[in-house]
Amino acid sequence: DKAVCERIAAMPALEQFSLYDTPFTADMLDALAQAPVLRSLTFTRCAMPAAGLDALGRFPKLTALNIKDKAVDDARIAQ
């Protein structure tokens, strides 16, 4: 939930984060976006809400993104 993501984001050296088969919301991504040095995100079999894709733009240091979900295609990410 959002509170857990806030605690995770507070880890000062967190550079990489992966979720596997986990439901999440845009609020949870907003909380993770507060991680000061988070550079890499991986989502495997996680249903990506449309608002979640918008939230990805709020990660200031993000340089790598891996989405492994058949419900998300290149056109949707390009939006």
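Bear in mind that the values here come from a model prediction, so they are computed numbers and not experimental data. For reference, positions follow the sequence shown, starting with 1. Just so you know, these numbers use all the heavy atoms, side chains as well, and skip hydrogens, waters and symmetry mates.
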Least distance between heavy atoms, A31 atom then C5 atom: CB-CB, 3.8 Å

Distance in Å, K2 NZ paired with L32 CG, rounded so as to fall on 0.5 Å steps: 11.0 Å

Taking every non-hydrogen atom, the tightest pair across P36 and K61: O-CG, 3.5 Å

F59 side chain near D30 side chain, heavy-atom distance below 4.5 Å: no

Derivation of the side chain to side chain contact (heavy atoms under 4.5 Å, CB included) call for L65 and L56: CA-CA 9 Å; L65 175 63; L56 292 173; 3.7 Å; yes

Approximate separation, where rounding is to 0.5 Å, of T42 OG1 and Q16 CD: 6.0 Å

M11 reachable from L41 in the ILVMFWY side-chain graph, under 4.5 Å edges: yes

Side chain proximity check, F24 to L19, heavy atoms < 4.5 angstrom: yes

Test item: Y20 and R45 side chains (from C-beta on) under 4.5 Å apart, heavy atoms: yes

Rounded distance [0.5 Å steps], SG in C46 versus CD1 in I67: 9.5 Å

Reported CG-to-CD distance for the pair D27 and E6, which is rounded to 0.5 angstrom: 9.5 Å

Heavy-atom closest contact (R39 atom, L62 atom, distance): O-CD1, 3.4 Å

Approximate separation, where rounding is to 0.5 Å, of M28 CE and I8 CD1: 8.0 Å

Minimum side-chain heavy-atom gap F43-D21 below 4.5 Å: no

